[in-house]
**Student:** 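Below are the structure tokens for one structure; questions will follow.
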Amino acid sequence: MQNTDLSFSYLDDLNDIQRQAVTTIEGPVMVIAGPGSGKTRVLTFRIAHLIKSGIAPWQILALTFTNKAAKEMKGRIEQVVGQSAYKVWAGTFHSIFSRILRVEAHRIGYPNDFTIYDTDDSKSVIKEILKTLSLNPKEYNVGAVRSRISSAKSNLITPKAYGTNEELLMADQMNRRPMTHKIYEKYVAKCLRAGAMDFDDLLLQTFKLLYTNPDNIRDKYQSQFKYLMVDEFQDTNFLQYEILKLFSIYNGSNHNICIVGDDAQSIYSFRGATIENILQFEQDFPDVKTFKLEQNYRSTNYIVQAANEIINQNSRQIQKKIWTANDGGHKIKLTKAMTENEEGKLVADKIIEQKNRYSLANKDIAILYRTNAQSRIFEEYLRRNNIAYKIYGGISFYQRKEIKDIIAYMRLSINHKDDEALKRVINYPKRGIGQTSVGKIIQIANDNEVSMWECLNSIDFNGRAKKSVGEFVNIVRASQQKAKTSDAYKTALFIVKKSGIIDLFKAENSIEAQGRIDNINALLDGIQEFTEDDILEEGENIDNQERTLSNFLQTISLMTDQDKKEDNVDSVTMMSVHAAKGLEYKSVFVVGMEENLFPSYMSLSSPDQLEEERRLFYVAITRAEQHISLSFANSRYQYGNVRFNDPSRFLDEISDDIIEANITMKAKPEFGPPKVLGGNFKKLPQNKPKGLAVDASNFKPNPASEIRVGQQILHLKFGQGEVLSIDERNVATIRFSNAIDSPEKRIMLQYARLQIIEE
DNA sequence: GTAGTCACTATTTGA
DNA sequence: TAGTGACTAC
């Protein structure tokens with residue numbers, strides 16, 4: 001079926017392989033796309049080509065990594081096929097699936113107005129469960145338990161299956177968290193009771209919906225989505241792949257699925273992503289046609305060469321040869337700094353120099369780091385030099401307390417059963433419902449296995465609390481009414497007023513409080529924009545894109561960092577390497593190139609994780625078009641200590657003749673015994689921390705590897721002690737003779753600074 | 001029931 | 001260091 005309009009001129013803009021990938025529209029297709037190889041082009045043109053070939057836009061499902069990418073894609077498709085581009089189902093896994101669940105959730109026992117729990121909410125649920133099970137939160141690290149549950153869900157392991165899985169139970173046993181399966185079970189029940197889905201549920205419940213197939217719902221979606229495209233396939237997890245299969249195997253045959261990815265850029269295994277999916281794909285779809293995009297159009301030859309040298313150190317990868325027709329360009333710059341402060345200064349200097357010399361704009365430049373905590377220093381020096389910058393990641397606007405509070409009211413008015421939201425605001429602003437009352441509600445809700453809201457009525461509170469609870473219930477009910485009859489903005493305005501939070505800040509009358517009021521106003525502005533967006537984008541006539549408060553909440557909870565990025569501002573970009581995926585800049589600074597930082601010390605023990613760090617570095621370098629500058633600091637202030645790290649091993653992997661350094665890398669320290677603060681602890685010119693038991697200037701800690709059971713040691717803070725034991729995780733139990741509280745402390749040797757005074 | 005202090009502890013990436 | 005949770009005093 002061909003459209004009458006046969007202008008396929010856009011195909012002329014593609015190279016041979018790209019064109020083949022675009023025009024092969026039937027059957028399974030795999031595109032392995034190296035960095036800068038025109039992947040986005042292929043994706044957009046392929047969709048445009050499908051539409052031009054007579055496929056209805058709403059029959060195309062395109063799953064991208066960010067919502068912004070989806071939006072951009074639609075814009076570019078529009079240029080080829082016009083307005084109908086906006087009818088393509090394009091978005092992230094999470095946003096597309098949550099859109100489907102908003103319509104279908106009731107079929108699997110959830111309300112269609114379900115709340116989306118973010119990571120904080122999940123943790124809070126787990127904390128509460130720990131309490132009810134009388135488990136020690138110190139042993140049951142909440143974050144660890146959460147990610148355990150998350151990965152179980154991502155691997156389709158139900159609580160029941162978890163409870164009978166020897167391997168998992170054993171692992172939990174080893175980690176001294178044998179009750180994890182019990183927590184998992186309770187967690188799932190609690191979320192269901194609250195009408196809430198966490199991020200994993202958006203995938204898992206979609207799977208459940210299609211798999212259990214109530215009312216033959218699978219048929220509805222299989223027959224709608226005739227063509228599937230998946231970007232960044234290397235970062236999908238097992239569960240996501242299973243859902244894809246449910247979508248794409250229609251009547252056992254219709255395999256119009258196209259996946260695009262690059263195994264060398266797989267950087268999310270910590271989130272459950274697995275490269276296995278790429279390998280598995282070839283097995284599951286044996287008639288797959290594979291196209292490899294190997295020509296890099298983005299970067300100069302030096303950059304491509306460096307990237308190749310690095311990635312070749314990895315053992316497992318799909319064979320490909322990335323090349324470029326671009327000339328050598330500028331060599332890779334390597335800068336050594338003495339301290340992280342100097343690194344900040346040097347990078348700022350270099351930025352000024354590059355701006356002048358190559359007439360770069362701020363927005364052509366990015367500073368990438370391994371951890372978000374590194375941003376502070378660069379922020380300081382850029383500000384000092386009057387260079388505009390923008391930081392992505394870290395604490396976002398929606399994480400601010402006052403914003404979360406307002407949002408909790410909103411969530412609660414949409415879904416009363418949202419326990420996490422209720423706990424947050426039932427006594428905020430203070431209305432005399434204290435710990436005791438809240439504790440009582442939690443207890444009774446748990447005992448009866450209902451949400452907290454559902455038992456508010458039946459509890460007999462004492463006089464004051466009774467009145468307060470009544471007030472609170474009224475606020476929520478009134479907000480709910482408003483949400484039913486008004487748009488998001490009007491409802492938000494109502495809630496902000498009714499909740500009394502603004503009054504609270506006004507009464508406080510401080511600069512800080514004013515800042516919070518400003519933030520709330522910014523939130524309202526954002527909601528207004530969202531509400532009016534409807535009028536602006538006429539083409540976006542997707543069924544459930546109404547501008548209700550409920551939809552606003554969904555949008556913000558599924559927003560990625562890149563979605564928040566504004567393009568038209570001329571500022572230097574600062575972000576983690578992870579967040580930089582898919583982006584490109586004329587000049588890129590990768591900072592903190594040190595052992596224990598990049599690669600992260602968390603990855604040093606496992607070869608697999610080390611390879612992932614290397615891929616991450618590969619991603620970092622290949623963001624650059626013309627300039628790549630690497631830097632490291634000799635010493636760095638971390639967690640309140642000065643740490644001395646060797647230059648990153650990744651620097652060795654780039655050949656010297658394409659590096660231009662302000663030092664000779666030959667002078668690199670040889671890999672001797674780990675220098676974990678060995679001997680060269682330096683006293684900093686700053687206030688001496690209070691309560692030191694030992695004079696810091698004479699304190700010379702020994703390497704952790706030398707600590708043995710039975711030794712007498714010195715600890716800066718606790719003074720003299722005896723090492724009683726060291727367990728398999730390198731945690732030492734030490735009895736300190738003059739410790740005030742408990743004499744025995746468990747010290748992580750990895751971080752501890754101990755000086756041996758007697759063997 | 002609330003506010004303030006204090007000591008302890010964990011350090012990555014994120015939808 | 002920074003964030004948190006427990007404890008104490010009002």
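Numbered from 1 within each chain, the chains take letters A, B, ... in sequence-line order. Keep in mind that this is a model prediction, so the values were computed, not measured.
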**Student:** Among A/T236, A/D263, A/D235, which one satisfies side-chain hydrogen bond (donor to acceptor under 3.5 Å, both in side chains) with A/N277?
**Tutor:**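 For A/N277, the side-chain hydrogen bond (donor to acceptor under 3.5 Å, both in side chains) check succeeds only for A/T236.
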
**Student:** Toward the 5' end of DNA chain B, which comes first, A/H94 or A/G432, by nearest nucleotide?
**Tutor:**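 This one resolves to A/G432.
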
**Student:** May I ask you to say what A/R636 touches in the nucleic acid, namely base, sugar-phosphate or nothing, with a heavy-atom cut-off under 4.0 Å?
**Tutor:**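 If one applies the 4.0 Å heavy-atom cut-off, A/R636 turns out to touch nothing in the nucleic acid.
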
**Student:** Does B/dG14 have OP1 or OP2 under 4.0 Å away from a side-chain N or O of A/N372?
**Tutor:**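 So the side chain of A/N372 is within the cut-off, an N or O lying under 4.0 Å from OP1 or OP2 of B/dG14.
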
**Student:** Hey, does the side chain of A/K430 come within less than 4.0 Å of B/dA3's phosphate (OP1/OP2), counting only N and O?
**Tutor:**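 True: A/K430 side-chain N/O within range (under 4.0 Å) of B/dA3 OP1/OP2.
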
**Student:** Within the pair A/K581 and B/dT13, is there a side-chain N or O less than 4.0 Å away from OP1 or OP2?
**Tutor:**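 No, A/K581 has no side-chain N/O under 4.0 Å of OP1/OP2 on B/dT13.
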
**Student:** Within the 4.0 Å heavy-atom criterion, would you say A/T119 contacts the bases, only the backbone, or no part of the nucleic acid?
**Tutor:**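 Base: the residue A/T119, judged by heavy atoms under 4.0 Å, touches a nucleobase.
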
**Student:** In this structure, how many angstroms lie between the P atom of B/dT11 and the CG atom of A/N596, rounded?
**Tutor:**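 Rounding to the nearest Å, CG of A/N596 and P of B/dT11 are 16 Å apart.
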
**Student:** Hey, is the side chain of A/N427 poking within less than 4.0 Å of OP1 or OP2 on B/dT2, counting only N and O atoms?
**Tutor:**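 Result: yes.
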
**Student:** With sequence neighbours excluded, tell me which residues meet side-chain hydrogen bond (donor to acceptor under 3.5 Å, both in side chains) with A/K401.
**Tutor:**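 With sequence neighbours excluded, A/K401 shows a side-chain hydrogen bond (donor to acceptor under 3.5 Å, both in side chains) to A/D405, given in chain and number order.
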
**Student:** Hey, does the side chain of A/T66 come within less than 4.0 Å of B/dA15's phosphate (OP1/OP2), counting only N and O?
**Tutor:**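 Answer no for this pair, as no side-chain N or O of A/T66 is under 4.0 Å from OP1 or OP2.
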
**Student:** At their closest point, which heavy atom of A/N415 faces which heavy atom of A/D113, and how far apart are they?
**Tutor:**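 Closest heavy-atom pair between A/N415 and A/D113: CB-O, 3.8 Å.
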
